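Take a look at the structure below.
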Amino acid sequence: MKKVHVETWGCQMNVADSEKMLSLLHGMNYVLTEDESEADLFLLNTCHIREKAKHKVVSRLGVLREMKKQRPGVKIAVAGCVAQAEGAKLLREAPQIDVLLGPGKIDELPSLLNRSLDSGAPSMATGFKSPEIDAKDTPAADPAPDVVPPTLTGKNEVSRFVNIIQGCNNFCTFCIVPFTRGREISRMPEDILGECRKLLASGAREIMLLGQNVNSYGLDLVDKDLLEPGDRGPFVELLAAVADLPGLERLRFTTSNPHDFTKPLAELFAANPKMGRYMHLPVQSGNDRILEVMRRKVTVEEYRERIRWLREAVPDMAISTDLIVGFPGETDAEFEDTLRLVEEVQYSFVYAFKYSPRKGTAAARMPVQVPEAVMEERLARLNALQDAITIRQNEAEIGRTRDVLFLYESKKTPGVYYGRTEHFRLTRVESSEPLTGQCLSVLITGANKTALVGQL
Ligand code: 5AD
Ligand code: SF4
């Protein structure tokens with residue numbers, strides 16, 4: 001048995017990819033270890049979404065270079081979006097890397113690793129499958145795995161990720177993802193359902209369907225001309241089918257693009273309580289000119305309409321969003337529009353980022369990049385506004401009874417369990433009986449910015 005230390009940065013898609021790579025490594029007799037000193041292989045699954053994410057990888061590679069001087073037999077594999085974006089350049093700059101593979105080449109990890117083990121030379125694979133060949137002509141391109149994919153903690157976790165669509169066709173002008181993850185390719189519904197069934201049979205209670213743009217799931221599998229406005233479409237059909245699987249307690253999905261978000265999706269929340277009462281719908285900015293230059297393909301008013309659909313379907317729907325401050329050319333007045341939208345929508349949570357130019361994207365070539373100090377100040381104002389809203393909403397939960405799906409027991413304090421309410425609020429409960437995996441009624445007794453506290 002050899003041992004692999006897996007390090008994952010970035011989005012949930014990367015976590016799902018790391019699990020898949022771990023599964024492939026199991027087939028090569030590697031087991032997961034948390035102890036770096038006994039690892040034969042370091043697998044770094046990297047993120048390129050902002051410069052800061054990339055820096056973390058570069059500095060980690062520096063540490064591993066020093067380690068490899070003491071332990072020359074150790075192998076280093078770099079996967080993920082930095083591997084795809086930097087490719088051969090990264091191999092030249094970091095000769096300590098033995099295997100480099102992009103997100104489109106995950107299946108090739110065993111052969112790349114074997115090649116490097118045999119020859120001692122680095123091996124690499126980047127690039128993408130062709131949507132036409134792989135999704136339509138060979139429907140079994142990404143079948144449900146024979147065995148339940150392992151988790152990165154080595155435990156049978158309550159909440160599991162299932163990838164439904166690769167890549168993104170949207171080309172928002174700030175975003176590197178279409179370059180690092182290629183064009184959209186949907187998995188076949190029966191493969192997805194098969195994987196979900198296996199996970200539920202192994203103890204999962206919540207499933208999170210993943211894609212960079214889940215709302216366009218399946219549009220590459222059907223004849224789009226046959227879809228009428230108002231039809232449920234392949235994504236909503238898939239959600240409805242997964243929601244019906246026995247053993248499932250909660251169904252979530254991420255990430256949704258408002259452009260492809262439809263009213264039937266909002267209505268499914270009302271029809272199916274397993275969908276919970278929470279959804280993440282990234283808007284990025286509250287100003288029409290900025291949305292246009294970002295190429296988001298919706299106006300602020302169209303975004304508001306989608307929020308209305310959701311809140312008509314489920315009046316107490318909790319909604320979170322992503323926002324970028326300091327997009328090239330963003331004026332003070334345009335930023336104020338974002339603050340106004342945040343005040344108006346009353347999000348349960350906001351993920352706010354300073355704009356980070358990504359080489360090769362359209363926005364990186366735009367003039368008038370906003371100074372760092374201005375971005376800092378805008379980010380601080382935005383976070384302060386949202387923090388107050390989040391705290392107010394969390395405190396309003398005190399005295400209410402909520403259904404909490406318990407996800408894990410605290411490692412530091414045994415007997416303390418964490419779960420999420422139907423509105424996705426993190427909730428802490430003490431119990432002498434094990435709670436993990438159960439969905440139970442909890443009286444909320446306390447709240448702060450990050451979590452609720454409750455009693456069974
Ligand atoms: N700079 C800052 N934030 C970005 N995001 C994507 N690209 C960039 C960028 N270049 C943010 C968006 C997206 C989230 C995943 O990351 O808000 O929704
Ligand atoms: Fe990061 Fe985007 Fe790649 Fe996910 S898809 S790892 S967020 S760059």
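Please read all numbers here as calculations on a predicted model, not as lab measurements. Just so you know, these numbers use all the heavy atoms, side chains as well, and skip hydrogens, waters and symmetry mates.
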Under 6.0 Å from the ring centre and within 45 degrees of the ring axis: does the NZ or CZ of R428 meet both conditions for the six-membered ring of Y417? no
Surrounding CD of Q346 (heavy atoms of other residues, nucleotides or ligands, distance under 6.0 Å), is the total greater than 12? yes
Is a side-chain donor or acceptor of [X] paired with a backbone partner of [Y] at a separation under 3.5 angstrom?
{"X": "T427", "Y": "R425", "result": "yes"}
{"X": "Q84", "Y": "G127", "result": "yes"}
{"X": "N14", "Y": "T46", "result": "yes"}
{"X": "D98", "Y": "A77", "result": "no"}
{"X": "D288", "Y": "V300", "result": "yes"}
{"X": "E108", "Y": "G104", "result": "no"}
{"X": "N287", "Y": "R289", "result": "yes"}
{"X": "R250", "Y": "M275", "result": "no"}
{"X": "R402", "Y": "I444", "result": "no"}
{"X": "R306", "Y": "E302", "result": "yes"}

Whether the [X] and [Y] side chains hold a donor-acceptor pair (N or O, under 3.5 Å, no angle test) is what I'd like checked.
{"X": "S159", "Y": "E206", "value": "yes"}
{"X": "N215", "Y": "D260", "value": "no"}
{"X": "K75", "Y": "S116", "value": "yes"}
{"X": "N45", "Y": "S18", "value": "yes"}
{"X": "R183", "Y": "Q166", "value": "no"}
{"X": "S216", "Y": "N213", "value": "yes"}
{"X": "Q393", "Y": "S348", "value": "no"}
{"X": "K297", "Y": "N170", "value": "yes"}

Between [atom1] of [X] and [atom2] of [Y], what distance do you get to the nearest 0.5 Å?
{"X": "W309", "Y": "F269", "atom1": "CH2", "atom2": "CZ", "value": "13.5 Å"}
{"X": "Y347", "Y": "I389", "atom1": "OH", "atom2": "CD1", "value": "10.0 Å"}
{"X": "R296", "Y": "S285", "atom1": "CZ", "atom2": "OG", "value": "10.0 Å"}
{"X": "T255", "Y": "L281", "atom1": "OG1", "atom2": "CG", "value": "10.0 Å"}
{"X": "N114", "Y": "S123", "atom1": "CG", "atom2": "OG", "value": "9.5 Å"}
{"X": "R50", "Y": "S356", "atom1": "CZ", "atom2": "OG", "value": "7.5 Å"}

Least distance between heavy atoms, [X] atom then [Y] atom:
{"X": "P150", "Y": "S23", "answer": "CD-CB, 3.5 Å"}
{"X": "A313", "Y": "A270", "answer": "O-CB, 3.5 Å"}
{"X": "S256", "Y": "V214", "answer": "OG-CG2, 3.8 Å"}
{"X": "I290", "Y": "E330", "answer": "CD1-CA, 3.8 Å"}

Any carboxylate oxygen within less than 4.0 angstrom of a Lys/Arg side-chain nitrogen, looking at [X] and [Y]?
{"X": "R304", "Y": "E301", "value": "yes"}
{"X": "E305", "Y": "R311", "value": "no"}
{"X": "K3", "Y": "D40", "value": "no"}
{"X": "K274", "Y": "E249", "value": "no"}
{"X": "E195", "Y": "K198", "value": "no"}
{"X": "K20", "Y": "D17", "value": "no"}
{"X": "E397", "Y": "R400", "value": "yes"}
{"X": "K56", "Y": "E51", "value": "no"}

Walk me through whether Q212 and E184 qualify under side chain to side chain contact (heavy atoms under 4.5 Å, CB included). CA-CA 9 Å; Q212 303 303 335; E184 291 171 6; over 6 Å; no
Would H280 and Y351 count as a close aromatic pair, with their ring centres under 6.0 Å? yes
is_close_aromatic(F161, F253), centroid dist under 6.0 Å: no
Between R160 and E19, does the salt bridge (charged side-chain N to carboxylate O under 4.0 Å, His left out) criterion hold? Intermediate values first, please. CA-CA 10 Å; R160 297 296 308 261; E19 290 176 351; 3.4 Å; yes
Could you give me the CA-CA distance, side-chain angles and deciding distance for F261 and F235, then say whether ring-ring contact (aromatic ring centres under 6.0 Å, His included) is met? CA-CA 10 Å; F261 182 90; F235 179 53; 9.3 Å; no
Who are the ring pair (Phe, Tyr, Trp, His ring centres under 6.0 Å) partners of Y278, not counting sequence neighbours? F424
Pair V404-L440, side chain to side chain contact (heavy atoms under 4.5 Å, CB included): steps then yes or no: CA-CA 5 Å; V404 175; L440 300 166; 5.9 Å; no
Give the C-alpha distance, both sets of side-chain angles, the deciding distance and a yes or no for side chain to side chain donor-acceptor pair (under 3.5 Å) between D220 and S186. CA-CA 7 Å; D220 52 341; S186 300; 2.5 Å; yes
Steps toward salt bridge (charged side-chain N to carboxylate O under 4.0 Å, His left out) verdict (K89, E86): CA-CA 6 Å; K89 181 168 167 270; E86 304 282 311; 3.1 Å; yes
